[in-house]
Amino acid sequence: MSRPYYQSQDLKKFKNISDWSPELGAKFFEYYNSVFEEGALSAREKSLIALAVAHTVQCPYCIDAYTQDGLQRGIERNEMMEAVHVAAAIRGGASLVHGVQMMEVYDKRSM
Amino acid sequence: MSSKSLRSRSHRLSSTQAQLEWLEKGIFKPGGLPHFATKVNGFQDTPLRPHSLDILQLNLGYMCNQVCAHCHVDAGPDRKEMMSETTLEKCLDLIRKTSIKTLDLTGGAPEMHPHFREFVSQAAQLGIQDLIVRSNLTILLANKKYVDLPEFFKTQNVHVISSLPFYKKDKTDRQRGSGVFLKSIEALKRLNAVGYGKSETNLKLDLVYNPSGAFLPGNQKSLELEFKKALKTDFDIDFNQLFTITNMPISRYLEFLIASENYEEYMESLVEAFNPSALDKVMCTNTLSVRWDGYMYDCDFNQMLDLKVDHTMQHIDDVIPEELVQRNICVSQHCYGCTAGSGSSCQGSVV
């Protein structure tokens, strides 16, 4: 297939997922929009969380969307990079913490 | 960022025709993105028409001490165009003959006009409710002849609207030139010192935010809170309101969009963000823009594209105000900039 799996133009078609299931689509987008409203966390903080999660789930659409969202909100590049490092630390930590399991298995099986 | 205007570089985009080609063809060719005039159909009686003349915006000249990367005027130190004394007098006549509420002086740096103070003093006596000077801030420090401008503004009860694209140095200097941020901060302190932006006075000091790149401005109220908090904490600076203004695909900002290969995506984002509820509040419905040479336009952006008012009387020498309101507004695809998201005008978002 010549068409790449990911195309930036597809981000604009996200809303089209409602076409094949309008009720669920509407519920999802209503929920989605509510999540990002000002609340106990500011919309700005939520945008940075979304950017970090986008890197964790490695979603190119989300990275594109939340980098642009951050620019519009006046979030600076060092703030964005710190958010990405939070994602990297948790993701790296999640691998490393499994090292405990490895160590336990190793020790249990070893003489 | 170039330190010269497109005009002085003999850049192709210094021609309004070349700019209009970008706005009329390319992604807006038949089968592509809809033209603004088509998009407006169905939401508003078309063509758009002004409903009143409340704001007179005078572009006193294109000379400026800065060469900002996003400037839709292509202003700079090399631009010599200046409004003549005769035309200034015609503008005062127009104010006398009408019920214009707001006089909005822009440029370039309007303070560089040789008759700036005299004109402001005369205009202030004509009962204008809101006399705006759009100051780039650094002009207040550019030469000793400008140092007392804050006091002058105060005596004339001028409403100062100043550009400050961000509350930190890096982004501001990248858009407006090296050293501009710290000079702007110093100028704001001087304006504060005479009472501008202070809650206990009526001296209004508003700031203008332009995005530093190919993206739309965020929520005006949220950004205002960010600016107020940061400027107060870091520099003890006060101001009244923040206006978010969408960058227009005209002149040097158009040059940036094309050179950075952002033009198509930026225009798509403007079209996608089209908000019909901004339509009856866009500034061309109650504004008249006058160029340094006396020609009249629906707005400052149309002025820069030389889209003169669609009327037999196009020059201020001939103007009959009540007849001039009976005209169609000239539109092209840059107009999407004023209807995107919360809308955009010289007084910030409109929705």
Side-chain angles (χ1 to χ4, degrees), chain A residues 3-4 6-19 25-26 29-30 32-52 54-55 59-85, chain B residues 27 32-33 70 164-175 181 207-231 234 242-247 256 260-262 264-274 337 340-342 344 349:
Chain A
R3 185 185 189 275
Y6 286 120
Q7 293 211 109
S8 60
Q9 290 297 323
D10 287 351
L11 175 58
K12 297 187 179 77
K13 299 174 191 164
F14 187 17
K15 60 181 184 296
N16 297 353
I17 60 125
S18 295
D19 292 351
F29 284 115
E30 187 190 359
Y32 189 100
N33 291 331
S34 298
V35 163
F36 284 96
E37 285 173 2
E38 297 281 345
L41 293 178
S42 68
R44 190 181 195 277
E45 288 166 330
K46 290 178 185 182
S47 179
L48 278 167
I49 293 171
L51 183 71
H55 283 77
C59 168
Y61 303 121
C62 313
I63 293 169
D64 186 354
Y66 283 94
T67 305
Q68 293 199 46
D69 185 71
L71 279 166
Q72 289 190 12
R73 291 180 189 282
I75 296 174
E76 294 191 83
R77 59 185 181 183
N78 57 345
E79 295 175 283
M80 291 192 199
M81 187 55 87
E82 283 186 23
V84 172
H85 276 290
Chain B
I27 52 171
L33 293 174
H70 71 295
L164 190 72
F166 206 57
Y167 48 77
K168 293 204 172 164
K169 182 172 178 293
D170 185 40
K171 277 190 183 177
T172 302
D173 284 2
R174 268 188 283 139
Q175 183 181 104
F181 180 75
L207 298 182
V208 169
Y209 162 90
N210 289 91
S212 310
F215 54 93
L216 305 186
N219 178 275
Q220 182 167 284
K221 205 70 207 165
S222 303
L223 282 166
E224 182 181 290
L225 288 173
E226 297 270 336
F227 266 69
K228 286 203 168 184
K229 188 176 157 197
L231 290 176
D234 296 346
L242 181 78
F243 299 144
T244 56
I245 299 188
T246 302
N247 284 318
F256 156 75
S260 60
E261 298 183 353
N262 278 304
E264 293 197 356
E265 273 195 51
Y266 186 73
M267 296 310 292
E268 281 173 15
S269 66
L270 290 183
V271 175
E272 271 177 28
F274 174 75
S342 299
S344 180
S349 61

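Lettering of chains follows the sequences in order, A, B, ..., and the numbering in each one begins at 1.
Atom NZ of Lys12(A) sits in a crowded spot, with more than 12 heavy atoms from other residues, nucleotides or ligands closer than 6.0 Å. Taking a 6.0 Å sphere around CZ of Phe36(A), one finds it holds more than 12 heavy atoms contributed by other residues, nucleotides or ligands. Summarising the local packing, CD of Glu268(B) is surrounded by more than 12 heavy atoms from other residues, nucleotides or ligands at distances under 6.0 Å.
When each of Arg44(A), Gln68(A), Glu76(A) is checked for heavy-atom pairs under 4.5 Å with chain B, Glu76(A) comes out on top.
For Pro211(B), no part sits under 4.5 Å from any heavy atom of chain A, backbone or side chain. Looking at Tyr209(B), the atoms closer than 4.5 Å to chain A (heavy atoms on both sides) all sit in the side chain, from C-beta outward. Residue Leu223(B) touches chain A through its side chain alone, counting heavy-atom pairs closer than 4.5 Å.
Between Ser222(B) atom OG and Gln72(A) atom CD the span is 11.5 Å, to the nearest 0.5 Å.
Heavy-atom minimum distance, Arg77(A) versus Asp170(B): NH2-OD2, 3.8 Å.
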